[in-house]
Protein chains: 2
Amino acid sequence: MTSPDTPSAQPASRRIAQALRSAIERGELSAGDKLPSERVLAEQYGAARNTAREAVRLLAEQGLVTARHGRGVFVRAPQRLFRFGSDRYSRKNRETGLTPFRLEAQRQGKTARIEVLGITREVPPPDIAERLKVPSDDESVVHRENHYFADDDPVQIVSTYLRWDEAQGTLLMQPKTGPHGIYGRLEELGHTMTRVRDEISARMPTPREAALLDLPPGVPVLEVLHTSLDQELEPFEVSRYVHRADRTGLLYELPVE
Amino acid sequence: MTSPDTPSAQPASRRIAQALRSAIERGELSAGDKLPSERVLAEQYGAARNTAREAVRLLAEQGLVTARHGRGVFVRAPQRLFRFGSDRYSRKNRETGLTPFRLEAQRQGKTARIEVLGITREVPPPDIAERLKVPSDDESVVHRENHYFADDDPVQIVSTYLRWDEAQGTLLMQPKTGPHGIYGRLEELGHTMTRVRDEISARMPTPREAALLDLPPGVPVLEVLHTSLDQELEPFEVSRYVHRADRTGLLYELPVE
DNA sequence: AAGTGGTCTAGACCACGTA
DNA sequence: ACGTGGTCTAGACCACTTA
C-alpha cells in the first residue's frame, strides 16, 4: 500500500489483479507458472478470500490465467494458432488428400482426429436456408456435424449443410465421402467451387459450445459462416465453423479489385 | 425446486441463470427488459444475494445481459453488425470518397465520427515490423491511431503503420491526408494496392481497450492485422483493427484458386 | 430517499488432484 | 490427508440513478 489509508481509488480486487498482471508482464510469472493460492493472496494483500478470488477472476476473464480445480491457477501459455483462411478451400490443398485441418495439425506435430457426430436430414436454420437458397420450412438439407481434435483437445466444431435433393443416396450421406471429400463429390455433381464467401464473427460460447470445446472461462469463439459458390455463382454448400479463439487464427489473402 | 432436498447436481447459481436464460429464449423477457433485481432474485430462489449475483454474472459473461450501475440488469439487444471485409480496400469504394466506415454508418442511419488520436514516429511493435519489413529496433515507422464512433458510440480502434522514410514530410503525417485518404497518397508514392493479407483473431479486450471501446463485460474483440501489398508484392502499409465483436462482422468474398 | 448494482468480509462446506 | 479451486451464506458499506 502506498499510504496507510488511501481510499486508493481502485477496488482492492483490481489492485491485486493489477499486481499479478504486472508480475506476469515483467516475467516474474511466466507461462505455466502457478499463482499463489487464493488463500495466500488474500493473506498477502490483507483481504478476504473472495476478494483475492475476484482478482483471479478478472485475470481469467482477460485470458491471462486459467484456474484448474484442485490444482491451482496457472499463467496461460500463448497458444500456437491453427491458421485457416482463404486457402482452406483451394483445389491445390484438396489434391494432397490432406484436409486443411490435418495439414495444420501435422505442421504442429499433433495428431488430428475427426469425429462425425451425425449426418441427418433436417430443417435448416434460417441463416443457413437463406445462404443455401433452400426453403426453411422443409427438411431440405443434410446436416453433417463434425468435431475436430488435435491430440484429443477439441479445436473446432463444423456443421456442413448440403441440399437434400443432391445428397440423397450419395456418398455425401456417408461418414467417408471418398477421394477429395465432400468437394470431390460435389464436383461430380457439377459444382465447381468458383468463389467463397466467409462471414466472420466473434462471441462468447454458448454453454453447449463451452462444454464441447472444453473452453476455459474467458475464451471467446470465432464463428465462420462459409458459403461455396459454383461456376454459376449459385451456392451449393454452407458450413458453420465454430473455433476456439485462443487456438485459431484466420488468414485471408486476396487480390484487390 | 423439484423435490425438497434434491442436491440438484447443478449449483444454485447455474440453476438461476438457466431459468433466466429460458425466460429470455421463450420471449418472456425481451431485448431491453429489466431483470428482477439481485435482491429480488435471491429471495425468489431462496438464495443469498451473492448467489443470485453469480447467476447474473454467468449471463453477462455469455453476452445475454448487461448490468448498469444504479439502474438494473437488462437483456441485451442483438446489435446490428457493422460489416467489413474484402471490399474494405477496393478502389471502387475509395473513389466514392466515402471510407468504408462512413458507408456502413450511413447504411445504418448513424453518424460517423473519426478521431485522430495521434500521428507519431515510433519504434514498431515486433509483429508490425515483421510484416512491414522494417527494423524493429529503430524509429522506422509512423503510427497513426484513429478511433471510430457511430452516434458517439465507439466501434473500432485502428492503428496504421507506414514507413517513416516514405511518410516524412508528406500529407501522411497530417490528420487530413487529402483525396482518397492515405491510399491516395501511397499510390502517388508508387504503391498500387495489389493484394491484401488479413490475419484475424478474437480475444478478450485488454483493460485499455475495454475502456476505450466502452465494452460491457463479456464482449470479446475482433483483431484484424492487415497488410497491403503493392504491385511488386512488397508490403507498404500495415494496420491493426480492434473491433467490438458485438457490433462487427467481417465479410470476405474471394475467388478460389 | 429509495432502489440498484459494485465491492467486501469472515466465515462454511464441497469437489477435485496429488502425495 | 491435505491443499486447491468452486460454491454459498448473511450480513455490510459504497457508488450510481431515478424519483
Side-chain angles (χ1 to χ4, degrees), chain A residues 1 5-20 29 32-61 64-76 207 210-211 214-219, chain B residues 1 5-20 29 32-61 64-76 207 210-211 214-219:
Chain A
M1 238 176 269
D5 50 8
T6 10
S8 75
Q10 286 279 79
S13 52
R14 251 178 269 186
R15 283 191 301 109
I16 300 174
Q18 189 51 55
L20 292 171
L29 289 166
D33 286 0
K34 188 169 154 311
L35 265 56
S37 81
E38 293 171 352
R39 287 159 179 91
V40 170
L41 282 175
E43 202 201 358
Q44 280 178 359
Y45 290 89
R49 185 187 154 204
N50 273 352
T51 303
R53 186 174 170 73
E54 171 71 5
V56 171
R57 204 189 57 73
L58 289 168
L59 296 178
E61 194 175 69
L64 285 176
V65 302
T66 306
R68 279 185 276 184
H69 198 165
R71 283 192 271 182
V73 176
F74 299 84
V75 179
R76 193 185 286 174
D214 193 24
L215 283 172
V219 176
Chain B
M1 236 176 269
D5 49 9
T6 11
S8 75
Q10 285 280 82
S13 52
R14 250 177 271 186
R15 283 191 302 110
I16 300 174
Q18 190 50 55
L20 292 169
L29 289 165
D33 286 1
K34 188 169 153 310
L35 264 55
S37 81
E38 293 171 352
R39 287 159 179 90
V40 169
L41 282 175
E43 203 201 357
Q44 282 180 358
Y45 290 90
R49 185 187 155 204
N50 273 352
T51 303
R53 187 175 169 72
E54 171 70 7
V56 170
R57 204 188 58 73
L58 289 169
L59 296 178
E61 194 176 70
L64 285 176
V65 302
T66 307
R68 279 184 275 183
H69 198 164
R71 283 192 272 183
V73 177
F74 299 84
V75 179
R76 193 185 287 172
D214 192 24
L215 282 172
V219 177

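To find a chain, count down the sequence lines: A is the first, B the second, and so on, and within it residues start at 1. Because the structure is a prediction, the values reported are computed rather than measured.
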When you match B/A48 and A/V73 each to their closest nucleotide on DNA chain D, which lands nearer the 5' end?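 The 5'-side residue here is A/V73.
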Between A/R71 and A/R49, who's closer to the 5' end of DNA chain C by nearest nucleotide?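 That would be A/R49.
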Residue whose closest nucleotide on DNA chain C lies nearer the 5' end, B/N50 versus B/R39: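 Counting from the 5' end, the first nearest nucleotide belongs to B/R39.
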What contact category does A/R57 fall into here, base, sugar-phosphate, or nothing, at under 4.0 angstrom with non-hydrogen atoms?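 Counting heavy atoms under 4.0 Å across all strands, no contact is made by A/R57.
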Atom [atom1] of [X] to atom [atom2] of [N]: distance rounded to whole Å?
X	N	atom1	atom2	result
B/R68	D/dT17	CZ	P	11 Å
B/H69	D/dC14	NE2	P	13 Å
A/E43	D/dG3	CD	P	13 Å
A/F74	D/dG3	CZ	C1'	12 Å

Contact check, side chains of [X] and [Y], non-hydrogen atoms, under 4.5 Å:
X	Y	result
B/L59	B/V73	no
B/Q18	B/R14	no
B/E54	B/P11	no
B/L20	B/L41	yes
B/V56	B/R53	no

Would you please test A/L35 and A/V75 for side-chain contact (heavy atoms from CB on, under 4.5 Å) and show each step? CA-CA 7 Å; A/L35 265 56; A/V75 179; 3.7 Å; yes
From the 5' end of DNA chain C to its 3' end, which nucleotides mark the outer limits of contact with chain B, defined by a 4.0 Å heavy-atom distance cut-off (strictly under)?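 Nucleotide range with atoms under 4.0 Å of chain B: C/dG3 to C/dT9.
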